[in-house]
Structure formats: C-alpha cells, structure tokens
K.L.:
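Structure below; questions to follow.
Here is how names work: the chains are called A, B, and so on, in the same order as the sequence lines, proteins then strands, and each is numbered from 1. Atom set for the values below is all heavy atoms of this structure, side chains included, hydrogens, waters and symmetry mates excluded.
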Amino acid sequence: MTTETHNTNQTTVRGDISRWTQSLIPTTREAPADAETPSHIFLSRAGYIRKVTAGVYAYLPLGYRVLRKVEQIVREEMNATGAGELLLPALMPLELLKPTGRDQDYGDLLITLEDRHGRAQFLGPTHEEVITDTLRAAVSSYKALPLSVYQIQTKYRDEFRPRAGLLRCREFIMKDAYSFHASQQGEAVQDGCIITHGAGGLDETYDRMYQAYVNIFTRCGLDFTVVEAEAGPIGGSASHEFMVNAETGEDTILVCPSTGYAANVEKAEIGERPAPEGGYFCGDPTGDLDTVHTPDCPGIEEVCKLLKVKPANMLKTVVFKANGGQHDGKWILACVRGDQDVNEGKVRDVVGGSVAIGDIAAAKAAGFAIGYVSPAIAAGRDDVVLLVDPDAAVGFDAAKSKPMFWVTGADKPDHHVKHFNWQRDLGGDPEKTATVTSIRNAQAGDPSPRASGVSLEAKRGIEVGHIFKLGDKYSKAMGFEILGKDGERNPVIMGCYGIGVSRTVAACVEQSCDDNGIIWPAPITPYHILVTLIKPDAETIAAADALADQLADSGFDVLIDDRDERPGVKFNDADLIGIPIRLTIGAKALAQNSVELKARTDAGKGSLVPIAEVVERCRTLLDL
RNA sequence: CGGGGUGUAGCGCAGCUUGGUAGCGCGUCUCGUUCGGGACGAGAAGGUCGGAGGUUCGAAUCCUCUCACCCCGACCA
C-alpha cells in the first residue's frame, strides 16, 4: 500500500514570501534559564515558541508554520488511508467518561472544571469516548463499516511534570484517529478471541495506518524506529510506537541489530537464556542464614548501601494476586535479581488471566512482609505460586567459580537475610516450589529473541506516534453494538492511532541541530529559503523581491531578512532559525548578476550562483 | 504526589550572610562613527525586588503564610 500520489501530477502551489521586519521573529542571544534540551533552547531562542505557563506554549509565526507543515503531511497521509477528518470538542461533560471508568482512571491527569450550573466538565486528553458516543448515534449497521475518522486538535493533560518545552506539554497538538469494524460477520468471538483479520477487519486498517505512519515520519525527514509496545492504560491488544531516534529522548528502546526487531523495555522479549551448567538453583550455601536489621531502607539501593552488597546480589520479590486463569485467587510471587525489574505483562502471560499488584493490607494479612518478602515463604504453601527469573534462579556464580551469594528479604519488616540459598531455604527441592521463567524487563545485552548469538542494543528515542488495537473495550463499555449480517448484535471492534504533532516538531529539532541552531529537513521547514540582504537598500531589496517572486512561483517559501542589522547578526540568526538554504545578496555578487548560495549544513560563505540558475539549484538541493 | 531548587528591568544574573536612596551584562531608544559571522563611543528610557502579613525609625535583605516556576522520580503523544 503506497500513498505517494500526493507529489505527482500536481500543479505547483505558489510559495509564501515574508519579510523579517514584517513578521514576528524575536531571536535572542540567550535562552530562558529553564530551557535545557536542544529543542527547547533553540525553538525559544529562534523565536518559534514562547512559554505562557508551565507546559503551555504560544506558537509564534515560525513555529506555527512548521506545525502546519507537519499537520499537512499528516492530513494528506490520513486522507490517503480513507479516513475522514472531523473535529470533536475539547470541552466535554465528565459524564462521558463514566461508562469506561476513565473519569477515575485518568485521575489527576484530567483537567476538570465546573460550568456555571455546577456541571462537571473536562478538557479532552484523548477522545475515545466522544467518538464512540458519536458513532453509536450515527451507525447502526455493519454495512456502514469499516469506517475511520481522525482529527487534529489540542489536547489537555495535566502532567505532574511538564518538561523540555514542546516535548511534554499540558496543552499539545495531537492527531488522533479511530477506526470501527463490524464483528466479523457474526463470528466476532471465537474461542474467546476477537477476530480482527479479513476484509474490513481491524488488522487491515491497522496495517494501513502503520504504513501511513511510516510515510508521515519519512516525509517529515525524521530518522525513526518502529517498536512493539504494551498497549498501556488505554487498553486493547497489539500496539506499536513510533520513536524518533534521539540521544536526548526520554524513552529507551531495545533493538536487535541483525533482524531489526525493536520493542520498548516493557514489551521487549528476551531470547533464550542458557540454563547454568549444573542446572537452576544448584550450588552450596555461602554461609549460614544471617538475619540483619535494616531499618529505614525503603529500596534496594538503601539496603545495598547499608549491607555493602551489589544490587545484582539481591533477590527482589514482588507480590501479585491472580485474577482468573489457572491460578485464580492465588498469590503470585515474582522473583528477579535486584538490579532488574519485574515485568507485569510477562507475569500475566505466564499466569494467564490478569494479575495485579497485591493489595498491601491483604498481602500482609496473608503473611507477606511487603518490602521484605523472600522467595522462601513460598515453600510448603499451596496458595502461592513462585515465579523466578532465570537470572535469579542461580545457585552457582559461574563467572567467579563459586557458590552464588544472595541477599533477600527476611519475611519480617525491616530485616534482610544474607547467604540465602535456593536448595536449603526452599525446602530442599526448589524445582517443586518454583517455576523458572522469563519475567523481567529486557535490557541491553540480553540475547535477541529473533537471532541467536546476537545481543539487544539500547537506543534512546522520543515517542511521536502510537497505534493500538483497542478491540471492544470502549464499544462494550459504552454499548456500541451493531447488527451483523446474521442478525446478531455484537460490539464494534475499534482501533486508535495517535501522533503528537507538536511533539514531532520538537523531536525533529532534537534530532537535527548543531551548536549554532536548528537544521530543518526541507519538508517541514518554515521557509525553504532565507534571502539575506547584506545592506537592505532600494537596489538589493528590489533584487531580493524579484528573486523571491521567482522562487515562490516555483513553490518555495521564502523569508527575506531585510532588517537593518550588521551582517554578522543576520548570519548568526540564519543559522539559529535553521532555514535549509541561505541566499546572500551583496553588492559585489549582485554586480555579477549572482547571489551567494549556502546550505545550512555547509560551512563558510557558500558559493556564487548566477541568479538565472538559482531556482534550479534550490530545487536540486531541497529535493522537492 | 515525594525529594531538591529558584522568583530582583524584555532576557541572563549580582545584591540578601551583617537591614540604610536597587545594580551589572545583553536587548531597547537617540546621536555619531561603523558595516561579510552577534561593532564602538556618548547619552537615555525601563523595576509595586512573585504576593500578603509581621518585626523595625527603616525590609529586596529578617520572620510567617501563600503563589508561581524549574530540576530528579513513577506516566505518556
């Protein structure tokens, strides 16, 4: 499926021409004190954005132009999928979230207010409920499906900590799309699973959206990685994240360098980890169990500091409660090495059914000293299932050729034990009590799940897009059912697809800048060409106007720096705002009917180009 | 929300310890000299010192309360 029809057979749209002195481009020499990341610093200094309050920004003319260019690319690609653009309200009644419980689930992230009648309202953080509600009223036959709609709109999330300029805002621009599918001709549910494949099914649209996202981020000139992701609190089954590769990114992703497999840390699978030579749990005790008083140690780190051991020598045990599945109602103990993290999703997969972090009071009543639980407590209890990660199920430290030294909880508050030994302390037969299975987050260096002998590598990224298969979560909760061909009523199957449009702008700067400023990719630059007038007198202004006119006719957006400033100031600002091509008009060049052409990425002054050839040179350079 | 920090001119900061007429750099305005990578000189404008209360003859400075903002953590487009 390709959506690249947008560039062909299209009459060139005339570009825009702006004059610096007539626009609002307030560049500054210094960044605001709170700006730390490159995108925040440069977008502020270059006059693209201004902060209004925490996590809320004004888009000044340059910033708004970039935003609109990204939006336009998004719009074109979304339209190409067949989705219809609409606009839902930002202000909605809180009632709307009651059926799905998200008025509670979203918690403080939701910005709520009361209107003059005392009715509770909220500002939309996302729009599953409204769109489901809207479609429910409008669609009642399978014949109207599948159907996709999208909007580009301001979203509100009262983040605990907005940060890094446009990267994490409380008010931000998002494209959100939703797709609706009839249950597959009455066989929506088969063996308890929703059928999503086949013509008109969720999979088909999901794949099309996936491709549209690839097109969008490619067209924006971004270097990105698509990763498998957990669906998260929004619900549903399969999910992919689109991550812009940037060292400054907040998210860590794991990639297999030989197969291209990529996933976020929560989702990443870990390849086969070879069992220790002597088998799991095998190794002699390193000493007698030694119970140590460890007061005021809320975390692994504090315990390690106090006992002078490494986190890799700790066993960490997290208590879950199974809900459904083969272990329904039992306690699930997930034991991993202290320097690693339990992955709830993997625990759930092993247990079947859902698991939840155990209710602390109930867990304590059941004999678990939360915070000081040892795997040993599982011995002899049939209401407990003990899962041990392979890295923790080790009794002999092969690297050091001696028995493994473990520290773990003492099953009583404020105490830990040294010299824990799997054989001795789990009743002689650990295999009987414990199941060894992969239940931790993947990390760099783990074996790839797709290629043997290859290790996963960690990369940093910024999440700019996320697509989900929602299934019937929302339609079920909100009673959006339709009649199928066979006359049966079934909930509609849904998918949802988001892009952080304003975040994409910032992510691009994070990825594409140097010490002097921004370097825009041609497709989303606010202007393609900056015409710098060394001395803005009548003659050069006339020459600039004529040249700009010609360039605009060829579809280029042109900014003319006609300020009465010294050349050095203009050159520095030119680098700062990051326009891909600078044409410098000075008296000497003009006398030769030429201008100087310099790409933003070039060093030095650039080269002299006859005015007659400028359009062609720019076209080649910008590849438009 | 837990931990740390900051609020003084448009921006960046000093002054606070030890209370006594509010300063510096950048920017802005005027004049002159300049003019190819953030010029120079002379002059000028611009501040309820985040807010409220208190102590004091006197508070940017000390005390109390409050608000805003930033950084680190768990979440997300």
Side-chain angles (χ1 to χ4, degrees), chain A residues 26-37 40-41 44-45 47 50-56 70 74 105-109 124-127 152-177 213 216-217 229-234 239 241-244 249-251 264 266 298-299 301 341 357 461-468 496-507 516-517 532-537 563-576 582 584-589 596 598 603-606:
Chain A
T27 58
T28 62
R29 195 188 287 243
E30 286 179 285
D34 54 37
E36 293 191 333
T37 57
H40 192 186
I41 291 170
S44 300
R45 279 192 54 206
R50 277 296 125 93
K51 185 168 78 179
V52 174
T53 183
V56 179
V70 175
V74 169
D105 292 353
Y106 251 107
D108 292 338
L109 218 55
T126 171
H127 284 74
I152 296 174
Q153 197 217 26
T154 306
K155 296 283 192 270
Y156 297 87
R157 293 184 191 175
D158 201 357
E159 296 283 348
F160 285 135
R161 193 158 84 81
R163 52 169 300 234
L166 296 187
L167 281 176
R168 188 208 297 250
C169 287
R170 297 194 300 160
E171 178 186 290
F172 60 99
I173 312 286
M174 177 172 167
K175 185 283 298 179
D176 47 323
Y213 273 44
I216 288 166
F217 296 121
E230 283 286 347
I234 206 160
S239 161
E241 288 173 351
F242 292 74
M243 314 285 296
V244 166
E250 287 187 272
D251 299 300
N264 67 21
E266 289 78 34
E301 254 175 59
D341 291 310
I357 293 282
I462 300 163
E463 184 187 347
V464 290
H466 201 160
I467 57 180
F468 305 84
C496 83
Y497 317 89
I499 289 180
V501 178
S502 44
R503 179 183 279 183
T504 299
V505 172
N516 299 323
T532 300
L533 306 184
I534 291 296
K535 203 181 182 68
D537 54 21
R563 291 176 298 169
D564 186 19
E565 289 286 350
R566 295 170 63 84
V569 173
K570 296 187 183 187
F571 293 147
N572 282 312
D573 274 351
D575 288 346
L576 182 59
R582 189 183 87 201
T584 310
I585 301 187
K588 273 178 261 171
E596 270 168 35
K598 174 190 167 305
K605 288 178 67 170

K.L.:
If you measure from the P atom in B:rC67 to the same atom in B:rG20, how many Å do you get, rounded?
P.N.:
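To the nearest whole Å, 30 Å.
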K.L.:
Going by the angle between their ring planes, with limits at 30° and 60°, are A:His466 and A:Phe468 parallel, tilted or perpendicular?
P.N.:
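Ring orientation, 0 to 90° scale: parallel.
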K.L.:
Expressed in whole Å, how much space separates the P atoms belonging to B:rC26 and B:rC40?
P.N.:
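Their P atoms lie roughly 8 Å apart.
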K.L.:
Starting at CZ of A:Arg170 and ending at P of B:rA77, how long is that distance when rounded to a whole Å?
P.N.:
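Distance check: A:Arg170 CZ to B:rA77 P gives 18 Å.
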K.L.:
Checking A:Lys175 side chain against A:Val501 main chain: does a donor-acceptor pair fall under 3.5 Å?
P.N.:
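No, A:Lys175 side chain to A:Val501 backbone: no donor-acceptor pair under 3.5 Å.
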K.L.:
Please indicate yes or no: is the ring centre of A:Phe571 less than 5.5 Å from the centre of the six-membered base ring of B:rG38, with the two planes inclined by under 30 degrees?
P.N.:
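By the stated criterion, A:Phe571 and B:rG38 do not stack.
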K.L.:
So, is A:Arg161 close to the B:rC70 phosphate, meaning a side-chain N or O under 4.0 Å from OP1 or OP2?
P.N.:
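For B:rC70, neither OP1 nor OP2 has a side-chain N or O of A:Arg161 closer than 4.0 Å.
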K.L.:
Could you state the atom-to-atom distance from CZ of A:Arg163 to P of B:rU6 in whole Å?
P.N.:
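From A:Arg163 CZ to B:rU6 P: 20 Å.
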K.L.:
Using the P atoms only, state how far B:rG50 lies from B:rU6, rounded to an integer number of Å.
P.N.:
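That atom pair is separated by 13 Å.
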K.L.:
Nearest whole angstrom, please: distance from the P of B:rC1 to the CD of A:Glu159.
P.N.:
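In whole Å, B:rC1 P lies 15 Å from A:Glu159 CD.
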K.L.:
Just by distance, do the side chain of A:Arg170 and the backbone of A:Glu159 share a donor-acceptor pair under 3.5 Å?
P.N.:
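Between the backbone of A:Glu159 and the side chain of A:Arg170 there is no qualifying donor-acceptor contact (under 3.5 Å).
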K.L.:
Of the listed nucleotides (B:rA68, B:rA77, B:rG38), which one gets closest to any side-chain atom of A:His466?
P.N.:
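Looking only at side-chain atoms, A:His466 lies closest to B:rA77.
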K.L.:
Taking only the side-chain nitrogens and oxygens of A:Thr28, find out if one of them lies under 4.0 Å from OP1 or OP2 of B:rG10.
P.N.:
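A:Thr28 to B:rG10 OP1/OP2: no side-chain N or O under 4.0 Å.
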K.L.:
Any donor-acceptor pair under 3.5 Å joining the side chain of A:Arg582 to the base of B:rG36?
P.N.:
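Counting by modelled atom types and ignoring angles, no donor-acceptor contact under 3.5 Å is found here.
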K.L.:
For the C1' atoms, the ones on B:rU33 and on B:rG15, what distance do you get once it is rounded to whole angstrom?
P.N.:
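It comes out at 36 Å once rounded to the nearest Å.
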K.L.:
So which nucleotide from B:rC26, B:rA77, B:rC69 ends up closest to the side chain of A:Glu463?
P.N.:
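Of the options given, the side chain of A:Glu463 lies nearest B:rA77.
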K.L.:
When you measure from the side chain of A:Ser502 to the backbone N and O of A:Ile173, does any donor-acceptor pair fall under 3.5 Å?
P.N.:
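At least one qualifying donor-acceptor pair exists.
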K.L.:
Measure from the side-chain N and O atoms of A:Lys535 to the backbone N and O of A:Ala587, and report whether any donor-acceptor pair falls under 3.5 Å.
P.N.:
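Checked: no pair found.
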K.L.:
Heavy atoms under 4.0 Å, any strand shown: does A:Thr53 hit a base, just sugar-phosphate, or nothing?
P.N.:
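The answer is sugar-phosphate, as A:Thr53 gets under 4.0 Å only of primed atoms, P, OP1 or OP2.
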K.L.:
What integer number of Å spans the C1' atoms of B:rG38 and B:rA22?
P.N.:
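The answer is 29 Å between these two C1' atoms.
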K.L.:
From B:rC71, B:rC75, B:rC69, pick the nucleotide closest to the side chain of A:Ala54?
P.N.:
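Of the candidates, B:rC69 comes closest.
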K.L.:
Using a heavy-atom cut-off of under 4.0 Å over every strand shown, decide if A:Pro26 touches base, sugar-phosphate, or nothing.
P.N.:
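Here A:Pro26 touches no strand at all.
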K.L.:
May I have the distance from A:Ile467 (atom CD1) to B:rC76 (atom C1'), rounded to whole angstrom?
P.N.:
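Rounding to the nearest Å, CD1 of A:Ile467 and C1' of B:rC76 are 17 Å apart.
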K.L.:
Using the P atom in both, what is the distance from B:rG51 to B:rU8, to the nearest Å?
P.N.:
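My reading of the P atoms in B:rG51 and B:rU8 gives 10 Å.
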K.L.:
Is the phosphate of B:rC70 approached by A:Lys51 (side-chain N or O, under 4.0 Å from OP1 or OP2)?
P.N.:
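True: A:Lys51 side-chain N/O within range (under 4.0 Å) of B:rC70 OP1/OP2.
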K.L.:
What is the nucleic acid contact for A:Val464, judged by heavy atoms within less than 4.0 Å: base, sugar-phosphate only, or nothing?
P.N.:
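Here A:Val464 touches the backbone only, sparing every base.
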K.L.:
Mind calculating the distance between CG (A:Asp34) and P (B:rG7) to the nearest angstrom?
P.N.:
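In whole Å, B:rG7 P and A:Asp34 CG are 13 Å from each other.
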K.L.:
Spell out, as yes or no, whether a donor-acceptor pair under 3.5 Å connects the side chain of A:Arg157 to the backbone of A:Glu171.
P.N.:
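Between the backbone of A:Glu171 and the side chain of A:Arg157 there is no qualifying donor-acceptor contact (under 3.5 Å).
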K.L.:
Roughly how many Å is it from OH in A:Tyr156 to C1' in B:rC75, rounded to a whole number?
P.N.:
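Rounded to whole Å, this separation is 21 Å.
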K.L.:
Could you tell me how far B:rC57 sits from B:rG19 if I compare only their P atoms? Round to whole Å.
P.N.:
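Going atom to atom, P in each nucleotide, I get 15 Å.
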K.L.:
Measure from the side chain of A:Pro567, starting at C-beta and using heavy atoms only, and say which of B:rA68, B:rC35, B:rG25 lies closest.
P.N.:
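Minimum distance to the A:Pro567 side chain belongs to B:rC35.
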K.L.:
Are the side chain of A:Arg503 and the backbone of A:Glu463 linked by a donor-acceptor contact shorter than 3.5 Å?
P.N.:
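Such a contact is found between A:Arg503 side chain and A:Glu463 backbone.
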K.L.:
Has A:Tyr213 got a side-chain atom pairing as donor or acceptor with A:Tyr497's backbone, closer than 3.5 angstrom?
P.N.:
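Checking the backbone N and O of A:Tyr497 against the side chain of A:Tyr213, a donor-acceptor pair under 3.5 Å is found.
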K.L.:
Can you figure out which of B:rG38, B:rA77, B:rC35 approaches the side chain of A:Phe172 most closely?
P.N.:
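Selected nucleotide: B:rA77.
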K.L.:
For B:rG4 and B:rC29, measure between their C1' atoms and round to the nearest Å.
P.N.:
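It comes out at 42 Å once rounded to the nearest Å.
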K.L.:
When we call it a touch if two heavy atoms are under 4.0 Å apart, what does A:Pro162 touch: a base, just sugar-phosphate, or nothing?
P.N.:
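Sugar-phosphate, backbone atoms only, no base.
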K.L.:
Considering only side-chain heavy atoms of A:Asn572, which listed nucleotide, B:rG25, B:rG37, B:rA39, is closest?
P.N.:
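Between B:rG25, B:rG37, B:rA39, the one nearest the side chain of A:Asn572 would be B:rG37.
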K.L.:
Take the protein atom CG of A:Leu576 and the nucleotide atom P of B:rC26, then report the distance between them rounded to whole Å.
P.N.:
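Rounded to whole Å, this separation is 19 Å.
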K.L.:
Is the base of B:rC76 touched by the side chain of A:Arg503 through a donor-acceptor pair closer than 3.5 angstrom?
P.N.:
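Such a pair is found, so the answer is yes.
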K.L.:
Whether A:Arg566 contacts B:rA39 is assessed here as follows: a side-chain N or O lying under 4.0 Å from the phosphate OP1 or OP2. Is that the case?
P.N.:
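Looking at the OP1 and OP2 atoms of B:rA39, one of them is under 4.0 Å from a side-chain N or O of A:Arg566.
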K.L.:
Under 4.0 Å, heavy atoms only, any strand: does A:Gly604 hit a base, just the sugar-phosphate, or nothing?
P.N.:
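Contact class for A:Gly604: base.
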K.L.:
Classify A:Ala31 by what it touches in the nucleic acid, base, sugar-phosphate, or nothing, heavy-atom distance under 4.0 Å.
P.N.:
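Sugar-phosphate, no base atom in range.
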K.L.:
Once you round it to whole Å, what is the distance between P of B:rG36 and CD of A:Glu565?
P.N.:
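Value for this atom pair: 14 Å.
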